[in-house]
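The model shown is predicted, which means the values in this text are computed figures rather than measured ones. A, B, ... follow the sequence lines: proteins, then strands. Residue 1 opens every chain.
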Amino acid sequence: MSEDTTPSRSNFITDIIDEHLENGRFDRVHTRFPPEPNGYLHIGHAKSICLNFGVAEDYGGQTNLRFDDTNPTTEEVEYVESIQEDIRWLGFDWEDRLFFASDYFGQLYNYALQLIQKGKAYVCDLSPDELRTYRGTLTEPGKNSPYRDRSVEENLDLFRRMKAGEFPDGSRTLRAKIDMASPNLNLRDPVLYRILHAEHHRTGDEWCIYPMYDYAHALSDSIEGITHSICTLEFEDHRPLYDWFLDELGVFHSQQIEFARLNLTYTVMSKRRLLQLVREGHVSGWDDPRMPTLSGMRRRGYTPEAIRAFADIIGVSKANSIVDMELLEHVLRDDLNNRARRVMAVVEPLKVIIDNYPDEGEETFEVPYFPWDRENSPTREVPFSKEIFIERSDFMEDPPKKFFRLAPGREVRLMNAYYITCTSVAKDAHGEVTELHCTYDPESRGGMSPDGRKVRGTLHWVSARHALDAELRLYDTLFTQPNPYDVPEGGDFKDNINPDSLQVIREAKLEPSLAEASVGEPFQFMRQGYFTLDSVDTHPGAPVFNRTISLVDSWAKLEAERGK
RNA sequence: UGGGGCAUGGUGCAACGGCAGCACAGCGGACUUUGAAUCCGUUGAUCCAGGUUCGAAUCCUGGUGCCCCGGCCA
């Protein structure tokens, strides 16, 4: 290992860290990822995770995982478990530094007592409605609470009784005494503690007062010795408050730094909206493969490597932006291209009968999984017989120019097998093509003919007799608009839900080796796309494969342009 | 003049007073037992107006546009 601490990424945050390291503000880097356990992690969180863990790693520092569990009414253990699973899956390790804000409830309470004693906090009896009125507006100052000048003793007594459970929910709060006329609303005597007689997933009914985010977060960072507390832009206005707590209490002072959260085209990234999609049944769950959640992406076949590569490539800044989905897809394909086994599967089967092949004949080809490295590649046996399936779209009776696939009288190569020539077409009463008759050239075994003649098209295929039946799920974007919130007046983001985001193929034909596929293993169904076994709906003998991402298809693009 | 923040090709990110660059997308070509991948080439940008300077994306002034803030959510 080298001692090199030169950051491998550089951005405005590393600039700030470099400055801190140079001017002596800090002599180390310690970050944290602070999820609230009230939902599943999504690709936007992945950006933050990669940033926090990545930056610490670059500087030889550490990263804590800390659950921000200060609101028992929305938080659940289900989420704390899924969050840990997702972060581990992404490839990051918090070692023994798993913390919960609730670990600090005792200390946070004592800090509150200190603030009261300093005359910097008071118990307020205003109702939520009154409080809103007293807070003022964006352009007008607020008014001091009538309870603002209670004595230290009374505040101490009242706060202790709040903790003791003497008062009902919403009847009182502990507020910081700052400035009701501040143009920054966060400083207009913000609430520090509220009364909540709710069962907490870790502390049970030990507490009936819970600290607010601003207060708990700043002090949790301080307690853990976090040097750089990286959060999203909307907390920029909160930084003066963050600093106020640490200064008033005279404790270790972490530096909050804000960056722009990730937005992606054709999807939504807010936990509230995602939860809505789940609850209203627009998707099958948090792990629906169309969801931008890490669990959904994992099920879909995304790799952690691709997601981390994505996080690196998009960079970090303070400018609001919407990253093009195509960039995500690019890094995904790039990663899958290097690791996915190449196999054959027919999505929309069309039967081909090879007339001059022996009726009961059968043979197998040993085919490498990684065709570009035939020498070292593992292989599997692919059976061939008189009747095979090809892709319906690989045949056209009356093909346009530049269609290089099968057509009457035309010769193509069956990948790794033989050259075949289409001799006749069978149709049903509606004129629909039902099967094709072909002849094969026995000399072309393996896919090359000794006379060296060239064929332009190479098709994938599956032996009819040996085919493995499977369900395929083909996904499109969850929304039809690059920006789902782009709706006419009075509209809703759900108006843009793509009704065709899921296409189920029930009668796909796969090469038999796919019976051995395991969850998490990426495949390329050649000429189609990358697929992986569905971890939820696959049953013995009834495989379901998710299309992770299609291959780039320049023929489809040509056709689309022709259609215009 | 409530406060805070942000503006660089179509998209995302660099350039930190000295030739505006990278990636994706696009376009053209080569190669191909995947119309994939790969390779080669290529189009395209500093929000506006002033100012400072030999020199401004960068500094200053004034505009404009967009985002965030009035939970006892985070």
Side-chain angles (χ1 to χ4, degrees), chain A residues 10-12 15 34-36 38 68-71 73-75 124 126-128 131-133 135-142 169-175 182-188 190-196 209-210 212-214 216-217 231-240 258 260 262 265 271-272 312-331 333-334 337-338 342 344 371-372 402-405 412-417 419 446-448 455-460 482 524-530 550-559:
Chain A
S10 163
N11 53 55
F12 82 96
D15 289 348
E36 182 189 13
N38 68 346
D68 228 320
D69 56 348
T70 56
N71 185 355
T73 62
T74 59
E75 296 154 5
C124 178
L126 253 23
S127 72
L131 182 51
R132 194 177 322 116
T133 312
R135 188 157 26 231
T137 70
L138 292 178
T139 53
E140 300 163 276
D169 290 1
S171 59
R172 289 178 220 264
T173 57
L174 182 73
R175 299 174 65 186
S182 172
N184 182 344
L185 307 214
N186 296 117
L187 298 180
R188 318 243 263 227
V191 172
L192 268 34
Y193 272 89
R194 76 283 215 185
I195 301 173
L196 238 36
I209 55 172
Y210 291 92
M212 298 289 290
Y213 164 84
D214 289 299
H217 201 90
C231 64
T232 44
L233 250 30
E234 67 270 27
F235 293 108
E236 210 149 16
D237 283 343
H238 296 235
R239 185 165 11 108
E258 312 84 12
L262 172 68
T265 56
K271 272 197 265 187
R272 209 188 99 229
D312 276 342
I313 204 170
I314 57 174
V316 186
S317 75
K318 298 190 69 155
N320 287 314
S321 61
I322 305 180
V323 177
D324 207 319
M325 179 73 86
E326 287 179 354
L327 192 50
L328 214 209
E329 296 183 336
H330 167 77
V331 297
R333 288 194 179 103
D334 189 50
N337 179 45
N338 291 319
R342 308 294 135 118
M344 292 194 289
W372 62 88
K402 290 191 177 172
F403 182 83
F404 303 137
R405 285 113 87 143
V412 298
R413 172 168 39 232
L414 292 179
M415 200 179 280
N416 296 302
Y419 288 5
M448 287 295 253
V455 289
R456 195 63 203 268
T458 300
L459 313 187
H460 58 280
Q524 187 195 98
F525 290 2
M526 292 187 88
R527 305 208 304 135
Q528 292 290 343
Y530 296 96
S550 65
L551 251 32
V552 170
D553 189 346
S554 55
W555 167 248
K557 211 170 82 182
L558 249 179
E559 272 192 315

Sugar-phosphate only, base, or nothing, as touched by Met448(A) at under 4.0 Å among non-hydrogen atoms: base
Arg132(A) side-chain N/O to G71(B) phosphate OP1/OP2 under 4.0 Å: yes
Polar contact flag, side-chain donor to acceptor under 3.5 angstrom, Arg413(A)-Thr458(A): yes
Touch class at under 4.0 angstrom, heavy-atom based, for His217(A) against every strand present: nothing
Identity of whatever pairs with G21(B) - Watson-Crick or G-U, under 3.5 angstrom: C13(B)
Pairing residues for Asp312(A) by the side chain to side chain donor-acceptor pair (under 3.5 Å) criterion, not counting sequence neighbours: Arg9(A)
Any Arg135(A) side-chain nitrogen or oxygen under 4.0 Å from OP1 or OP2 of C69(B): no
Sugar-phosphate, base or nothing in reach of Val455(A), heavy atoms under 4.0 Å: nothing
Whole-Å gap separating C1' (G3(B)) and CG (Asp237(A)): 7 Å
Sugar-phosphate only, base, or nothing, as touched by Asp15(A) at under 4.0 Å among non-hydrogen atoms: base
Touch class at under 4.0 angstrom, heavy-atom based, for Phe235(A) against every strand present: base
Sugar-phosphate, base or nothing in reach of Ser127(A), heavy atoms under 4.0 Å: base
Sugar-phosphate only, base, or nothing, as touched by Arg413(A) at under 4.0 Å among non-hydrogen atoms: base
Between the protein and nucleotides 35-38 of chain B, which nitrogen or oxygen pairs come in under 3.5 angstrom?
| from | atom 1 | to | atom 2 | distance (Å) |
| --- | --- | --- | --- | --- |
| G35(B) | OP1 | Arg527(A) | NH1 | 2.8 |
| G35(B) | O3' | Ser554(A) | OG | 3.1 |
| G35(B) | O2' | Ser554(A) | OG | 3.3 |
| G35(B) | N7 | Arg405(A) | NH1 | 2.4 |
| G35(B) | O6 | Phe404(A) | N | 2.8 |
| G35(B) | N1 | Lys402(A) | O | 2.7 |
| G35(B) | N2 | Lys402(A) | O | 3.1 |
| A36(B) | OP1 | Ser554(A) | OG | 3.0 |
| A37(B) | O2' | Asn337(A) | ND2 | 2.8 |

Please enumerate all protein N or O atoms sitting under 3.5 Å from an N or O of nucleotides 6-12 of chain B, with distances to 0.1 Å.
| from | atom 1 | to | atom 2 | distance (Å) |
| --- | --- | --- | --- | --- |
| U11(B) | O3' | Ile322(A) | O | 3.4 |
| U11(B) | O2' | Ile322(A) | O | 3.3 |
| U11(B) | O2' | Asp324(A) | N | 3.4 |
| G12(B) | OP1 | Ile322(A) | N | 3.3 |
| G12(B) | O3' | Ser321(A) | OG | 3.4 |
| G12(B) | O2' | Ile314(A) | O | 2.8 |

From U34(B), G2(B), G70(B), nucleotide with atom closest to Thr137(A) side chain: G70(B)
Nucleotide opposite G62(B) in a Watson-Crick or G-U pair, distances under 3.5 Å: C48(B)
Side-chain H-bond candidate by donor/acceptor type, Thr73(A) with Asn71(A), under 3.5 Å: yes
N/O (side chain, Thr74(A)) to phosphate O (OP1/OP2, A74(B)) under 4.0 Å: no
G71(B) glycosidic torsion: syn (within 90° of 0) vs anti: syn
Touch class at under 4.0 angstrom, heavy-atom based, for Leu126(A) against every strand present: base
